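As structure tokens, the structure follows; a few thoughts come after it.
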There are 2 protein chains.
Amino acid sequence: MKLTISDLAKMTGLAKSTISGVLNNKDGFSEKTRQKVLKAAEQYGYVPNEIARGLSTKYTKTIGLVIKDITNPFYSKLTKGVQEVASEYGYTVFLCSSFEDHRTEKEQIQAMLSRRVDGLIVAPLLEEVTFDHLFDLKAKSVPFVLLGSVPGLDNSYVEFDDYDGGRQVTEHLLERGHRSIGFAAGLPTSRASRERLRACQDVLSARGLALRAEFTFEGAQELADGVEIGRKLIALKERPSALICFDDVVALGVVKAFQSEGLRIPEDMSLIGFDDIDLMIFPLTTVSIPTYEAGKALARTLFGRIFGGPDTPAQRIIFDEKLVVRQSVRTVTN
Amino acid sequence: MKLTISDLAKMTGLAKSTISGVLNNKDGFSEKTRQKVLKAAEQYGYVPNEIARGLSTKYTKTIGLVIKDITNPFYSKLTKGVQEVASEYGYTVFLCSSFEDHRTEKEQIQAMLSRRVDGLIVAPLLEEVTFDHLFDLKAKSVPFVLLGSVPGLDNSYVEFDDYDGGRQVTEHLLERGHRSIGFAAGLPTSRASRERLRACQDVLSARGLALRAEFTFEGAQELADGVEIGRKLIALKERPSALICFDDVVALGVVKAFQSEGLRIPEDMSLIGFDDIDLMIFPLTTVSIPTYEAGKALARTLFGRIFGGPDTPAQRIIFDEKLVVRQSVRTVTN
DNA sequence: TTGTAGGCGTTATCAA
DNA sequence: TTGATAACGCCTACAA
């Protein structure tokens, strides 16, 4: 059914190696045979079998991308960046979502490895247990790049300065006169969320302030979680004057909860998010994060390592986060 | 470096074929050797090479997914559905975006084919030129499932009843008293957009009404396009009393444009979208589309064909679109 | 400049 | 119940 190199050899009366050589642009062939081969390949619609090629060259022209959730704009933009660079290189990408499950993450990496990807991009879940599977990759000298650093692992990574982002939003709120600040943190598996929270706490405590337990939430991930948190806040006797949300999606949920109760942002509470997602019509003050660029950087770094070999020095690329002031934070005058 | 089946054979003193047989759960091996093999594989961390396996079995345990834009919630949800089913089957998915470019679509399909995917899911661009590459797939009897039917191509597909969705929204507007209706259509490559537009025109003309040229737009795809259309509408002396948008993203853009000019939806114009995307806090009347379910259906249908062989009858799965009434359409009383 | 032979890691076939 | 041996489709020496 499918045409192979041997078929072409028979048809042209040439040897397999000749066909292979011409098709791979090696030199040392007469113009005549070259044309003959090219014409035959074209004519019969020969499609090289990358699987077979991969088996013999050790390059599958394939990379794996393991993210948390493709449904989140943060990751879909990142994915877009990765894909564009990959296709520039003639590479195809395997996409897997870990869905915030640690075991799935491991299994997906295994699956990619058994498919002999040339490299991996992983947005690893942060968790207490272990990063063994990532250290394993390093030990096996599989090329990979991480989104976010892993302590003790000397490997290339791309990350955002989440701590600084957290600092910026907190200072912005302080400048606007807020003293009672809440925080809707993400899942414990999110490094970004942790860093932002930590920065917030640091900045506050430097001013002799602190997050109050009843204004601090955890595990916010989807819109629904934001709605839930919004409802809880509404039910409280006293509300923080401002809430920092782990990301825009969660913030949007809070907005939704407030709107449905006839409350308004920022009049009834100020609100800040992270990501600066496109699909935002609410004038949310947020922090822009160059996820698309990061996706490209991840891919470029990975290809650097794939083509550069195991001695390629580890890269650390850090993207800044930048406060984008809109109208969801009001100025408090005590 | 990497452990192969031959290595295991040497280590255990058994033959390659024995190792292979045990590992693939074939029967006809004594419990003793079986244990011996399993233990060795476990102990030395043997990972089968799917590439080699693929070369010999013709199954790569790999499917390809070609969509238009992963950044659009419509496709990211669909992708999620596909992925979940794929991983149930132990399959990994190649993701490619055509970015609305016909040539890219063809190339990506080629790339997947050369990687010998077991099957393909394609959300094809609609365009005048040709569907040759899809007919080719059929001719080569590559298993594939389409999102949306292609005229004359007898192949499995999953689609949404876009015509009916268009009908529903138009009738809803008529019921609410609207007579001057505008339409922001998507790219000409979108079948969904065409169908909705066609339905709208049909319903209107059945009532002796018609879309006016100055209220009809084309090529709307991103938020920015919606903003643009919103601005144009604002600049007009006369506006339609309601605008139907090809999708929620575009509708969101229109909302944004109106809001930034201090105009309000639905007071200054009614608005309707399609998709019912999650990240919506604006109470937009829209049409819900089960994209996640469609993704699952696409994958299930594809696996049916992959495992069922070439004689598997073509499936046609049609999902209903359902009007979701919120508050972006006002009642007009003449 | 071209052809031959062997190998990549696996599965499948057939003897033993 | 096990073990040789030949594919699978391609690439890469090396020989002609």
Side-chain angles (χ1 to χ4, degrees), chain A residues 1-38 40-41 44-62 90 110-118 140, chain B residues 1-38 40-41 44-62 90 110-118 140:
Chain A
M1 176 83 256
K2 269 259 153 42
L3 216 58
T4 75
I5 229 174
S6 310
D7 297 329
L8 284 184
K10 267 179 216 147
M11 298 169 134
T12 57
L14 294 164
K16 277 165 47 175
S17 55
T18 307
I19 311 283
S20 170
V22 171
L23 256 27
N24 288 303
N25 274 320
K26 311 251 166 188
D27 39 31
F29 296 98
S30 70
E31 197 49 32
K32 212 177 91 188
T33 45
R34 168 170 247 97
Q35 286 309 323
K36 198 163 161 189
V37 171
L38 261 23
Y44 300 110
Y46 169 73
V47 179
N49 183 334
E50 291 289 346
I51 293 290
R53 208 207 288 264
L55 190 59
S56 84
T57 60
K58 306 292 170 196
Y59 284 96
T60 54
K61 288 200 160 198
T62 274
Q110 262 316 302
M112 307 248 186
L113 249 31
S114 71
R115 269 151 194 111
R116 296 299 188 269
V117 292
D118 292 347
K140 290 180 184 162
Chain B
M1 177 83 256
K2 269 258 154 38
L3 215 58
T4 77
I5 231 173
S6 309
D7 298 330
L8 284 183
K10 266 179 218 148
M11 298 170 134
T12 56
L14 295 163
K16 274 165 50 174
S17 51
T18 307
I19 311 284
S20 171
V22 171
L23 256 26
N24 287 301
N25 275 320
K26 311 248 169 190
D27 40 29
F29 296 97
S30 70
E31 198 48 33
K32 211 177 96 190
T33 44
R34 169 169 244 98
Q35 286 310 323
K36 199 166 164 188
V37 171
L38 260 25
Y44 300 111
Y46 168 73
V47 179
N49 183 335
E50 292 288 346
I51 292 291
R53 204 201 301 256
L55 188 58
S56 119
T57 59
K58 305 292 171 197
Y59 283 96
T60 55
K61 289 199 161 198
T62 274
Q110 261 316 301
M112 306 247 185
L113 248 32
S114 72
R115 267 145 196 121
R116 296 298 187 269
V117 291
D118 293 346
K140 290 181 186 164

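Letters A, B, ... are given to chains in the order of the sequence lines, protein chains preceding strands, and every chain is numbered from 1. Only a predicted model underlies this, so the values are computations on that prediction, with no experimental measurement involved.
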Would you say [X] and [Y] make side-chain contact, with heavy atoms under 4.5 Å?
X	Y	result
A:Arg115	A:Thr62	no
B:Tyr44	B:Asp7	no
B:Asn25	B:Arg34	yes
A:Asn49	A:Thr4	no

Looking for any heavy atom pair under 4.0 Å, which part of the strands does [X] touch: base, sugar-phosphate only, or nothing?
X	value
B:Leu14	sugar-phosphate
B:Lys32	nothing
A:Tyr59	nothing
A:Thr57	sugar-phosphate

Identify each atom pair where a protein N or O and an N or O of nucleotides 14-16 of chain C are less than 3.5 Å apart, giving names and distance.
none

Inset, instruction - Could you check B:Arg34 against B:Ser56 and say which one's nearest nucleotide on DNA chain D is further toward the 5' end? - result: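 The 5'-side residue here is B:Arg34.
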Measure from [atom1] on [X] to [atom2] on [N] and round the result to the nearest Å.
X	N	atom1	atom2	result
B:Arg115	D:dC10	CZ	C1'	15 Å
B:Asn24	C:dA12	CG	P	7 Å
B:Leu23	C:dT11	CG	C1'	12 Å
A:Glu50	C:dC8	CD	P	20 Å
A:Lys2	D:dG9	NZ	P	11 Å
A:Arg53	D:dC8	CZ	C1'	16 Å
B:Ile5	D:dG3	CD1	C1'	14 Å
B:Lys58	D:dA7	NZ	C1'	9 Å

N or O in side chain of [X] less than 4.0 angstrom from [N] OP1/OP2:
X	N	value
B:Ser6	C:dG9	no
B:Thr4	C:dC8	no
A:Tyr46	D:dG9	no

Legend entry - Minimum heavy-atom distance between B:Thr12 and B:Ala40, given as atom pair plus value: CG2-CB, 3.7 Å
Legend entry - Taking every non-hydrogen atom, the tightest pair across A:Arg116 and B:Ile51: CB-CG1, 3.8 Å
Would you please name every residue forming a side chain to side chain donor-acceptor pair (under 3.5 Å) with [X], sequence neighbours left out?
X	result
A:Arg53	A:Asn24, A:Glu50
B:Gln35	B:Glu31
A:Asp118	A:Thr60, A:Tyr91

Legend entry - Nearest-nucleotide pick for B:Phe29, side chain only, options being D:dT2, C:dT11, C:dG9: D:dT2
For nucleotides 4-6 of chain C, which of its nitrogen or oxygen atoms have a protein nitrogen or oxygen under 3.5 Å away, and what is each distance?
from, atom 1, to, atom 2, distance (Å)
C:dT4, O4, A:Ser17, OG, 2.9

Inset, instruction - Estimate the overall bend of the helix from C:dT1-D:dA16 to C:dA16-D:dT1 from the end axes over five pairs each, rounded to 10 degrees. - result: 50°
Inset, instruction - Answer yes if the side chains of B:Ser17 and B:Ser20 hold a donor-acceptor pair under 3.5 Å, and no otherwise. - result: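 Judged by distance alone, the side chains do not pair up.
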Inset, instruction - Mind checking the NZ-CD1 spacing from B:Lys10 to B:Ile19? Nearest 0.5 Å is all I need. - result: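 The CD1 atom of B:Ile19 is 12.0 Å from NZ of B:Lys10, to the nearest 0.5 Å.
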Legend entry - Gap between atom CZ of B:Phe29 and atom CG of B:Leu14 - 0.5 Å precision: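 Taking CG in B:Leu14 and CZ in B:Phe29, the distance rounds to 9.5 Å.
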